[in-house]
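Worth knowing before you read on, the calculation uses all heavy atoms, side chains too, and leaves out hydrogens, waters and symmetry mates.
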Amino acid sequence: MKFNTKTIHGGQKPDKAYGAVMPPIYQTSTYAQSTPGGHRGYEYSRTHNPTRSALENAFASIENGNYGLAFGSGLAAIDAVIKLLQPGDEVLSTNDLYGGTYRLFTKIFEGFGITFRFIGMGNASHIEDYVTEKTKLLWVETPTNPMMNIIDIKAVAAVAKKHQILLAVDNTFATPYLQQPLDLGADIVMHSATKYIGGHSDLVMGALIVKDEELSKRLYFIQNASGAICGPQDSFLALRGIKTLHVRMQRHCENGKAIAHYLKTHPKVDNVYWPGFEDHPNHHIAKEQMSDFGGMVSFTTKEDSYDGVVKVVEKLKVFTLAESLGGIESLAGHPASMTHASIPKEEREKTGVKDSLIRLSVGIEDIEDLIADIKQALG
Ligand SMILES: *Cc1c(COP(=O)(O)O)cnc(C)c1O
């Protein structure tokens, strides 16, 4: 089955009871047993729920994995991955990272004796300089948030295989429409399904997808033992979201490209960060491992006073000023005062997050309206 067919049919069967084409929302915590232990595959909804199972099958299908696991948030999914480790283990992570992931690693898991090192992975050969006997996991985000850096998943996977380290890729920004990390050698794919997978800004959810059976068993054990699952209602919404992922992503990519090119020629814009430009430092890798360049575009304005930039985002009318990304509606964010406000100015400027940086999650509205909106806000 090809990708666009998988988003609609992958892992799905009509419901056994009445043939419902969409899986019913099994809003139940428990299941009747005919005799102790005599159940029909479902006994308690932390462990399994038929609506969640349908979603987990869809996750596995669209990422070319064998097993999918759904969680109550993206961070709950990451939490489950780190629980594969033991005190004393080390993790090497990309340094340009989603802020919540950084917080979970440093403020929670460092307290349990796991060490995290944040390094640039733009050149994969540098990773080996940091690998020790204790290194058990490589954590990669690509494209990164908000600077849109690209990391070569195949090259990182080669390092991971050589040293027998697990490789996990946060595929939230790209989605499997653009990039399929398991096929490039990753062991675990993670999603904040809150973003493009759900696609309608109406749920918070996380996902893990793996190929290896043994690894899936360890993760299912953690999912059930720690219990950070998502409910049946949200599972239904995410399944519905997945069915249009390919058509939404196609338009996100078209609109993202048009906005990136518009910004590039605008006299008040300084730099535009979008992996589709030939002068993007890792454009050649993006072209190789992604089928298109996505709907996320960041840029800096020449006006670099904090107040001046805040005025620009406040003036936007079609773009909504808000956290999050990946929904059908266009959103704008000001990382310095929003997602990255907790990082000291000197620290965030090291990775390029200046006061003048604006991040756009380009939606699927008419492109003329989006460009007119940016024009009036910058003008
Ligand atoms: C939002 C996000 C997360 C966290 O996911 P939640 O669903 O908010 O818990 C992790 N990684 C990336 C890249 C994200 O954008």
Side-chain angles (χ1 to χ4, degrees), residues 2-4 6-7 62-65 94-98 119-127 138-161 167-187 189-191 195-197 209 245-265 269-300 325-326 351-352 357 359-364 367:
K2 295 181 76 175
F3 185 78
N4 297 349
K6 279 186 181 180
T7 61
I62 58 175
E63 280 287 4
N64 288 343
T94 38
N95 57 1
D96 182 15
L97 193 66
Y98 176 72
I119 61 174
M121 293 191 188
N123 183 343
S125 61
H126 289 167
I127 299 171
L138 299 181
W139 187 269
V140 167
E141 219 180 284
T142 181
T144 64
N145 176 21
M147 298 311 298
M148 305 305 294
N149 290 314
I150 299 291
I151 289 154
D152 186 340
I153 298 173
K154 241 189 207 163
V156 177
V159 175
K161 288 277 162 330
L167 169 60
V169 175
D170 181 337
N171 205 27
T172 301
F173 267 39
T175 85
Y177 176 82
L178 297 176
Q179 134 187 319
Q180 298 177 330
L182 296 178
D183 288 348
L184 300 170
D187 300 291
V189 168
M190 174 262 152
H191 278 281
K195 317 293 169 50
Y196 286 107
I197 298 263
I209 301 102
L245 178 65
H246 54 304
V247 280
R248 286 187 284 109
M249 285 308 294
Q250 188 179 4
R251 185 64 67 83
H252 282 299
C253 289
E254 282 169 22
N255 283 357
K257 180 179 182 180
I259 299 264
H261 281 94
Y262 173 75
L263 289 168
K264 188 110 171 168
T265 59
V269 170
D270 197 9
N271 290 304
V272 186
Y273 303 95
W274 179 69
F277 288 129
E278 280 181 15
D279 60 0
H280 180 288
N282 275 345
H283 172 70
H284 59 291
I285 297 166
K287 231 175 124 178
E288 176 83 24
Q289 75 185 9
M290 298 168 76
S291 60
D292 204 337
F293 303 109
M296 298 300 298
V297 182
S298 296
F299 67 101
T300 50
L325 61 110
T351 54
L357 186 77
R359 188 193 78 179
L360 302 177
S361 170
V362 181
I364 64 170
I367 188 63

Has [X] got a side-chain atom pairing as donor or acceptor with [Y]'s backbone, closer than 3.5 angstrom?
{"X": "N149", "Y": "G122", "answer": "no"}
{"X": "Q289", "Y": "I153", "answer": "yes"}
{"X": "N271", "Y": "T300", "answer": "no"}
{"X": "E141", "Y": "Y98", "answer": "yes"}

Testing the basics here: between [X] and [Y], what is the closest heavy-atom pair and its distance to 0.1 Å?
{"X": "I209", "Y": "H191", "value": "CD1-CD2, 4.0 Å"}
{"X": "A124", "Y": "V159", "value": "O-CG2, 4.0 Å"}
{"X": "L138", "Y": "A160", "value": "CD1-CB, 3.9 Å"}
{"X": "E63", "Y": "Q179", "value": "OE1-O, 4.1 Å"}
{"X": "G185", "Y": "L167", "value": "O-CD2, 4.4 Å"}

Derivation and outcome, side-chain contact (heavy atoms from CB on, under 4.5 Å), residues M121 and I119: CA-CA 6 Å; M121 293 191 188; I119 61 174; 4.0 Å; yes
Qualifying residue for side-chain contact (heavy atoms from CB on, under 4.5 Å) with M296, from Y273, Y196, W274: Y196
Are any non-hydrogen side-chain atoms of [X] and [Y] less than 4.5 angstrom apart?
{"X": "I197", "Y": "I62", "result": "yes"}
{"X": "P176", "Y": "L245", "result": "yes"}
{"X": "M147", "Y": "L357", "result": "yes"}
{"X": "H261", "Y": "L263", "result": "no"}
{"X": "I127", "Y": "V156", "result": "yes"}
{"X": "K264", "Y": "F299", "result": "no"}
{"X": "L178", "Y": "F173", "result": "no"}
{"X": "H252", "Y": "S361", "result": "no"}

Pairwise distance CD(E254) to CD1(I367) - rounded to 0.5 angstrom: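 If we round to the nearest 0.5 Å, E254:CD and I367:CD1 are 9.0 Å apart.
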Worked check of side-chain hydrogen bond (donor to acceptor under 3.5 Å, both in side chains) between N123 and S125: CA-CA 6 Å; N123 183 343; S125 61; 2.8 Å; yes
